[in-house]
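Within every chain, numbering begins at 1; the chains are lettered A, B, ... in the order of the sequence lines, protein sequences first and strands thereafter.
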Amino acid sequence: MVRGAALWLLVLALPAAAQHEHHDMQLDAGGIVMNANADTPPRGCDGISGDVSFTVRAGRDYAGGLPGAIFGMSERDLHVPPCSRVTVEFVNEDAVRHQWMVHGLPRYLYPGGMFHLEAMGGASVTGTFIVPAENRTYLVHCDMAQHMEKGMRAQLVVGRGSGDLWAVPGLTDAYRRASYLPGGTLGWLAFAALLAGGIVALLRR
Amino acid sequence: MFAPNHAGMAVENLKPHRARAALRLPAPAIRVEQGDRVRITIENTHYMPHTLHLHGADHGFLTAAGEGNDGVPTTSEVPVLPGGARTYELEPRTAGTMFYHCHVQPHVHVMMGLQGLFVIEENRPANPLQTLNLGAGQVRAPSVASRERYAAEYDLHYLDFDRQLGERIREDNDPRIVTKSMHRDYDVTDATSDYFLLNGRSFPYTFRESLVVADEGDTVKLRVVNGGAKGIALHTHGHKFTVTHKDGMPVPEAARSLQDVAWLATAQRLDLELAFVNDGLHAYGPGIWPFHDHQNAGVTNDGIGPGGNISAIVYREYLGEDGWPRTRGVSWDPYFTAAYYRREVPVWNAYLPDLLGDPGLDGRLLARLVVLAAALGGLVALALRRRRRSAW
């Protein structure tokens with residue numbers, strides 16, 4: 001048993017030691033809140049404009065109805081005003097860990113440009129951060145290997161945003177739409193175009 | 001997919017998406033003690049169903065709670081679905097070098113690296129075990145039984161890969177398409193292996209991670225598993241070893257002999273004893289002595305040698321300060337370039353570039369042929385024109 005506990009600490013410590021930038025990390029048995037910030041507004045904000053709260057549920061049950069998804073998040077298109085203080089309750093309904101990770105935040109305030117919640121299987125984690133002043137769309141995802149690619153991809157729109165991100169399940173088109181055409185479609189289309197061109201050329205002679 | 005549970009990002013950064021050091025393939029060697037009550041939880045973070053099968057290790061068909069415990073979807077249980085978890089139990093009565101792997105569509109999943117060494121150490125008082133050996137190689141904290149007899153212990157996990165299978169998970173993103181490609185379109189009966197790995201690396205990186213290092217007079221234990229699709233003819237230079245255990249079970253003293261090639265069938269484990277005694281039998285003296293699969297394909301990277309699972313037994317006096325053996329042959333620089341394995345570097349370019357280098361291009365001959373072809377074309381066109389005129 002003692003050995004098991006030591007092993008658990010060891011594997012938790014491995015990637016933390018490998019981080020290149022120092023992150024502010026709060027860790028307990030239920031998960032991790034990384035780079036929480038409830039007090040300091042980003043540059044360009046005249047204080048905190050207001051408070052916004054979300055509950056995001058995650059797991060295989062939220063992939064249903066989303067083509068090509070295995071894992072999912074209940075909220076994939078979140079809108080908040082500039083300079084608002086955002087509190088996210090991240091509820092993990094699977095038996096394996098999941099993450100709610102925002103990228104592209106200002107690095108002087110959020111090491112690595114990240115705000116990150118991580119919930120162990122069956123646990124929930126709550127964290128708060130303050131979004132910048134500019135209109136921008138941020139990527140939100142789970143970084144477990146292949147979880148973003150398999151459905152856990154969302155966007156956080158600050159103000160008017162900067163355009164929708166591609167391949168957000170249920171919101172924008174899949175990355176490779178050609179996968180869903182019958183086999184050989186592109187070849188047959190090329191053949192049809194050539195045939196039509198040939199017929200037109202013959203008729204014009 | 002192949003890593004123990006850990007926190008934080010799986011990759012170093014969003015770009016270039018390089019995996020962190022803890023993400024290794026095959027899965028880590030696991031060590032437990034004989035007689036321990038062991039519970040192993042598989043958390044399936046992957047997008048396909050998986051199980052855990054404890055190959056050769058003493059385990060019941062059912063857990064104490066009556067759940068399937070053999071990891072075989074055909075006979076014992078529904079697999080662990082994506083996002084799910086299951087705990088397997090064992091209380092092994094027998095020590096030995098065993099194996100673990102996924103048993104869902106095993107002809108594909110085992111081949112893709114869902115496997116690891118499973119070592120049950122002899123039960124001894126105050127026995128500090130190295131529970132996980134990530135990337136295998138040297139066991140940094142050997143068991144009491146191992147330390148009683150051996151100066152060092154190494155885990156050697158051999159594996160081979162078919163590139164045509166590995167590429168299938170990258171060809172599309174939709175799991176419905178990927179799973180069809182892997183389990184329906186791919187035909188393992190037509191498969192050939194392209195890459196040959198020792199502890200998850202091919203030469204030259206085997207020399208960085210999987211050397212067997214010792215001093216003269218030492219005796220060393222090697223736990224070897226062949227997780228690949230084909231057999232391995234494991235050969236040691238400069239040494240003859242003794243097979244002390246097969247599939248975890250001791251070989252009777254009377255049946256043991258010194259040998260320099262041992263055959264490992266798929267999934268087979270051998271425990272080898274190497275004595276660094278320069279007596280013309282066990283060893284021939286200090287040096288850098290390669291060990292490798294003696295079947296030809298196994299010492300190549302997709303057909304280009306040297307490559308594959310070549311590593312070496314190195315006497316400490318031959319080891320540089322950076323941990324790299326002080327070799328005496330040709331420069332290794334080309335082996336670390338992609339061009340070498342793209343077949344662009346002539347085989348003996350390093351020391352006979354003038355005689356056996358790139359033959360180059362005969363530009364003059366090419367130019368003459370182009371002019372000749374143009375002239376012939378002109379003549380044909382001229383002839384056709386005259387014929388057409390005469391026909392009018």
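When the shell of 6.0 Å around CD of A/Q26 is examined, it contains more than 12 heavy atoms from other residues, nucleotides or ligands. With a 6.0 Å radius and a threshold of 12 heavy atoms from other residues, nucleotides or ligands, B/R147 has its CZ atom above the threshold. Counting non-hydrogen atoms of other residues, nucleotides and ligands closer than 6.0 Å to CZ of A/R160 gives a total of 12 or fewer. Atom OH of A/Y180 is surrounded by more than 12 heavy atoms from other residues, nucleotides or ligands within 6.0 Å. For B/R184, the CZ atom is loosely surrounded, since the number of other residues' heavy atoms within 6.0 Å does not exceed 12.
Taking all atoms of both residues into account, the shortest heavy-atom contact from B/P175 to A/I70 is CG-CG1, 3.5 Å.
Interface remark: B/Q130 contributes no atoms to any contact with chain A (heavy atom separation under 4.5 Å).
Contacts with chain B were tallied for A/E93, A/R60, A/H147, A/Q146; A/R60 has the most, counting heavy-atom pairs under 4.5 Å. When B/P82, B/A85, B/G84 are compared by the number of non-hydrogen pairs under 4.5 Å with chain A, B/P82 comes out ahead.
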Next on the checklist: Run B/T45 and A/F71 through side-chain contact (heavy atoms from CB on, under 4.5 Å) and show every step you take.
Outcome noted: CA-CA 10 Å; B/T45 65; A/F71 303 104; 5.8 Å; no
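Side-chain N or O atoms of A/K150 include one that pairs as donor or acceptor with a backbone N or O of B/N173 at under 3.5 Å.
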